[in-house]
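For this chain, numbers begin at 1 and follow the sequence in order. All values below were derived from every heavy atom in this structure, side-chain atoms included, with hydrogens, water molecules and symmetry-related copies excluded. All ligand and atom numbering here is 1-based and tracks the order in the structure.
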Amino acid sequence: MTLPDFARQTYAQRAGNFSNAAAKQLLDTMERKQSNLCVSVDVTKSSDFISVIEAVGPYVALIKTHIDVLDDFQPSVIDALTALGEKHDFLIFEDRKFADIGNTVGLQYSSGIYKIASWSHITNAHTVPGPSVVTGLASVGLPLGRGLLLLAEMSTKGSLATGDYTKSSVRMALDHPEFVIGFIAQSRMDSAAAQLGYAGKDLLVLTPGVGLDSRGDGKGQQYRTPKEVVEESGCDVIIVGRGIYGDGRNLDVADVRAKAERYRTKGWLAYRNRIAP
Ligand code: S5P
């Protein structure tokens with residue numbers, strides 16, 4: 001497969017392609033920590049949540065959360081998460097998948113018990129509502145220097161986010177370059193962007209559905225390896241959850257740390273091979 005030019009640039013070079021503060025920070029962090037790993041911490045106890053993040057912190061550029069799955073959420077969890085982000089030098093991505101009218105998503109992003117915009121550098125949205133989902137979120141997130149990812153494709157079997165839907169998602173991103181920093185997707189979107197007349201616009205691709213030891217979870221999830229995702233498909237960040245902490249029960253922190261190190265090594269090698277084949 002022929003990859004476009006952005007896939008051959010270093011993360012440090014690409015930081016200069018973005019005006020958005022969160023995108024620049026993420027790329028600079030990836031370069032500094034030599035890591036394109038994002039760990040998705042989908043556990044339900046706050047103590048496990050913090051233990052996993054403490055263990056993987058040194059190896060990641062980004063921590064992805066589903067803050068609403070914590071059974072015992074307290075605002076102090078956010079303080080602990082933020083402090084670990086400062087200690088270990090990573091950014092935070094709340095995987096909220098907003099998908100409502102602009103007014104509602106603005107409220108969901110700023111308010112309620114989670115106040116996502118106040119602590120999450122990056123969040124994401126489905127494109128099904130059309131551009132108003134982006135403008136609604138931007139009215140809250142842009143003044144805070146936040147960034148948004150659009151779900152252009154999904155990792156699940158039978159996903160409807162393909163073809164014209166994916167292409168329309170790319171158009172929505174290109175129409176909002178200050179706030180939209182890229183996609184959740186399985187491949188680069190540069191050829192769709194070029195077809196839409198935006199050949200020179202860099203956008204990040206963060207990719208879930210990454211696993212070294214399994215091809216699926218029996219619940220619709222499909223896994224590919226870091227090599228397939230980063231080197232062959234040109235994606236920028238690998239998002240790994242259960243590949244690192246298993247089913248989240250009986251956490252073995254030393255094992256979680258070793259797995260994070262393993263994914264970080266594989267992800268970085270795939271990137272090195274991609275930029276200097
Ligand atoms: O297409 C997608 C988009 C996302 S954000 N497929 C996904 O799996 N995700 C998220 O990535 C999902 O919500 C979960 O938090 C993570 C994958 O977790 P894993 O345990 O399967 O690695």
Side-chain angles (χ1 to χ4, degrees), residues 26 36-45 48-49 52-53 55-56 59-70 81 91-99 105 109 114 116 120-128 133 137 147-163 165-166 169-170 173 180-189 203-230 233 235-249 251 255-256 259-260 262-264 266-267:
L26 178 61
N36 51 21
L37 174 63
C38 167
V39 173
S40 168
V41 192
D42 301 343
V43 295
T44 56
K45 273 193 354 212
D48 289 346
F49 179 76
V52 169
I53 297 169
V56 305
Y59 310 106
V60 300
L62 187 65
I63 286 287
K64 185 174 85 61
T65 58
H66 281 300
I67 204 69
D68 60 349
V69 308
L70 289 177
L81 170 64
L91 270 67
I92 303 165
F93 163 23
E94 164 60 19
D95 181 5
R96 176 60 180 76
K97 297 189 180 72
F98 292 100
V105 296
Y109 190 24
Y114 300 120
I116 294 165
S120 181
H121 303 91
I122 294 169
T123 192
N124 56 357
H126 283 297
T127 53
V128 69
V133 72
L137 292 168
L148 182 70
L149 301 165
L150 296 180
L151 281 114
E153 292 176 327
M154 289 197 71
S155 60
T156 37
K157 233 172 259 170
S159 162
L160 303 182
T162 60
Y165 182 92
T166 300
S169 304
V170 175
V180 180
I181 62 175
F183 305 101
I184 296 291
Q186 297 293 312
S187 58
R188 291 207 71 81
M189 295 290 128
L203 286 158
L204 299 170
V205 180
L206 283 68
T207 304
V210 178
L212 283 162
D213 306 313
S214 158
R215 299 304 280 181
D217 67 353
K219 299 181 194 170
Q221 176 68 298
Q222 305 176 109
Y223 292 116
R224 295 185 298 154
T225 63
K227 182 179 167 71
E228 289 172 297
V229 166
V230 175
S233 299
C235 304
D236 300 311
V237 173
I238 53 170
I239 300 177
V240 187
R242 288 164 291 174
I244 286 178
Y245 51 79
D247 63 10
R249 273 177 258 147
L251 274 184
D255 187 58
V256 169
K259 294 252 175 59
R262 178 173 178 231
Y263 276 93
R264 179 237 189 170
K266 298 274 184 194

Next item on the list: Looking only at non-hydrogen atoms, find the nearest pair between L150 and A173 and report the distance.
Entry: CD1-N, 3.7 Å
Relative to the heavy atoms of [X], which atoms of ligand 1 are at a distance of less than 4.0 Å?
| X | result |
| --- | --- |
| R242 | 19 (P), 20 (O), 21 (O), 22 (O) |
| I184 | 3 (C) |
| S40 | 14 (C), 15 (O), 16 (C) |

Next item on the list: Before signing off on this row, confirm whether D42 and ligand 1 have an N or O atom pair separated by under 3.5 Å.
Entry: yes
Margin query: Just to verify, which of L204, V170, L206 counts as forming a side-chain contact (heavy atoms from CB on, under 4.5 Å) with F183?
Written below: V170
Return the residue, atom name and 0.1 Å-rounded distance of the protein heavy atom closest to [atom].
| atom | result |
| --- | --- |
| atom 22 (O) of ligand 1 | G241 N, 2.9 Å |
| atom 21 (O) of ligand 1 | Y223 OH, 2.6 Å |
| atom 3 (C) of ligand 1 | P208 CG, 3.4 Å |
| atom 1 (O) of ligand 1 | S155 N, 2.8 Å |
| atom 13 (O) of ligand 1 | H66 NE2, 3.0 Å |
| atom 17 (C) of ligand 1 | Q221 NE2, 3.6 Å |

Between [Y] and [X], do the side chains contain a donor N or O and an acceptor N or O under 3.5 Å apart?
| X | Y | value |
| --- | --- | --- |
| T127 | Y165 | yes |
| R242 | Y223 | yes |
| Q186 | R224 | yes |
| E94 | T65 | yes |

Note to self: For K97, is the NZ atom crowded, meaning more than 12 foreign heavy atoms sit under 6.0 Å from it?
What the structure shows: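 More than 12 within 6.0 Å, yes.
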Notebook entry, point to check: Is there a donor-acceptor contact under 3.5 Å from the side chain of N36 to the main chain of R264?
Noted result: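 Checking the backbone N and O of R264 against the side chain of N36, no donor-acceptor pair under 3.5 Å is found.
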Note to self: Looking at ligand 1, would K64 count as a contact under a 4.0 Å heavy-atom criterion?
What the structure shows: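 Flag set, K64 near ligand 1.
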